[in-house]
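Okay, so here's the structure we're looking at.
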Number of protein chains: 2
Amino acid sequence: MQNQELRMTRQRRVILEEIRSFDGHPTADEVYEAVRKRLPRISMSTIYRDLETLCDHGRIQVLEVGCSKKHFDADTKDHYHARCIRCGRVTNLPVQPFSYLEQAFRDLCDYKVVGHRLELLGLCPACQKAEEEREAAEDITDAAK
Amino acid sequence: MQNQELRMTRQRRVILEEIRSFDGHPTADEVYEAVRKRLPRISMSTIYRDLETLCDHGRIQVLEVGCSKKHFDADTKDHYHARCIRCGRVTNLPVQPFSYLEQAFRDLCDYKVVGHRLELLGLCPACQKAEEEREAAEDITDAAK
DNA sequence: TTCAATAATAGGAATTATTCCCATTTCGTA
DNA sequence: TACGAAATGGGAATAATTCCTATTATTGAA
């Protein structure tokens with residue numbers, strides 16, 4: 001892959017723009033919903049096909065985080081992510097990847113190491129807030145008994 | 001969850017035994033194939049249901065590695081894994097998880113951190129071997145031209 | 001330009017992994 | 001042994017993704 005010639009069709013341009021302006025890293029259906037507002041006739045096949053094409057041409061990368069959906073990232077440099085265990089939101093971690101880890105782990109297994117992934121798990125700000133409100137509501141209910 | 005009373009039915013016992021004796025950490029369908037040799041009438045629903053039940057009771061853990069399938073691990077202590085990018089095989093990494101990472105990353109994002117996952121990516125021994133053989137075969141083909 | 005070859009798209013069917021539903025079976029205990 | 005609760009098997013439903021195909025758009029040669 002990675003041939004020069006990537007036809008920048010309207011669909012591909014909008015997909016790329018929406019991934020770039022997304023707060024966090026969207027899944028395929030989040031890309032679809034965003035793009036659909038601008039190109040109402042776009043189809044899910046085009047979303048998936050173009051996401052793959054954009055990956056092949058190094059314009060985006062696919063994040064395989066520990067959940068069932070793929071996430072897409074317009075920043076193609078290697079970096080770590082935080083993932084919300086409640087809503088699935090995926091956000092960048094501003095740290096340089098620890099390249100020495102791969103060398104250090106090389107002797108711990110018989111794999112031919114080609115990379116690593118590090119993922120922080122937690123509650124995103126929005127879900128923390130929802131959690132707190134839920135707890136507050138429960139306290140009121142408990143107190144009323 | 002995590003109630004005392006877990007009925008150790010024949011199905012559950014065999015599922016647990018097969019996960020324990022598996023080389024690496026099997027997916028649900030690998031568990032199914034293994035268990036089926038001993039209990040030919042077992043159904044996929046039972047596999048999934050019992051895997052979940054065993055998780056709920058802390059007898060196994062589910063590994064959410066960066067791929068579409070869940071893997072199951074009879075070792076419920078936190079640990080890191082290596083995953084083969086070719087065949088998907090998941091194997092333990094004999095290292096203590098770096099607990100300090102979570103504290104260190106806490107200030108890098110606005111998430112309420114509850115854990116982290118580290119995954120080494122590479123080629124497992126079997127896939128390395130297959131790769132080498134494929135390359136050797138290609139060399140012969142090239143030379144014959 | 002105009003036309004043919006090529007590439008991309010929309011829409012829907014197919015596939016994969018997983019979950020859900022329900023009638024039947026099994027188990028623990030009264 | 002018999003009853004009620006829990007577990008099972010089998011298949012339908014769901015979710016994410018991939019595949020297929022007829023139609024549409026684009027490119028570049030005449």
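Proteins get letters first, then strands, A, B, ... in listed order; numbering begins at 1 in each.
- Atom C1' of nucleotide dA7(D) and atom CZ of R12(B) are separated by 6 Å, given to the nearest angstrom.
- Here the closest heavy-atom approach between residue D75(A) and residue Q61(A) is recorded as O-NE2, 2.8 Å.
- If you measure from atom CZ of R13(B) to atom P of dA7(D), you get 15 Å, rounded to the nearest angstrom.
- The nearest whole Å value for the distance from the CG atom in D50(B) to the C1' atom in dT19(C) is 14 Å.
- The number of heavy atoms from other shown groups lying within 6.0 Å of CD (E135(A)) is above 12.
- Closest to the side chain of R7(A), out of dA8(C), dT8(D), dT9(C), is dA8(C).
- The aromatic rings of F98(A) and Y80(A) sit perpendicular, their planes meeting at an angle over 60°, well past the 30° parallel limit.
- Going from atom CE of M8(A) over to atom C1' of dT26(D) covers 15 Å, rounded to whole Å.
- A donor-acceptor pair under 3.5 Å is formed between the side chain of R117(B) and the backbone N or O of E64(B).
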Original post:
Tell me, for nucleotides 9-24 of chain D in 5' to 3' order, what letter each nucleotide earns: B for a base near a protein heavy atom under 4.0 Å, S for only sugar-phosphate near one, - for neither?
Top reply: BBB----SBBB-----

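- Under 4.0 angstrom from either OP1 or OP2 of dT9(C) there lies at least one side-chain N or O belonging to T9(A).
- Atom CZ of R10(B) is separated from atom P of dT25(C) by 14 Å (rounded to the nearest Å).
- Across all non-hydrogen atoms, the minimal contact from L54(B) to R12(B) is CD1-O, 4.4 Å.
- For the pair R36(B) and E33(B), the salt-bridge criterion is met [side-chain N within less than 4.0 Å of a carboxylate O].
- When rounded to the nearest whole Å, the span between CG of L6(B) and C1' of dC27(C) equals 14 Å.
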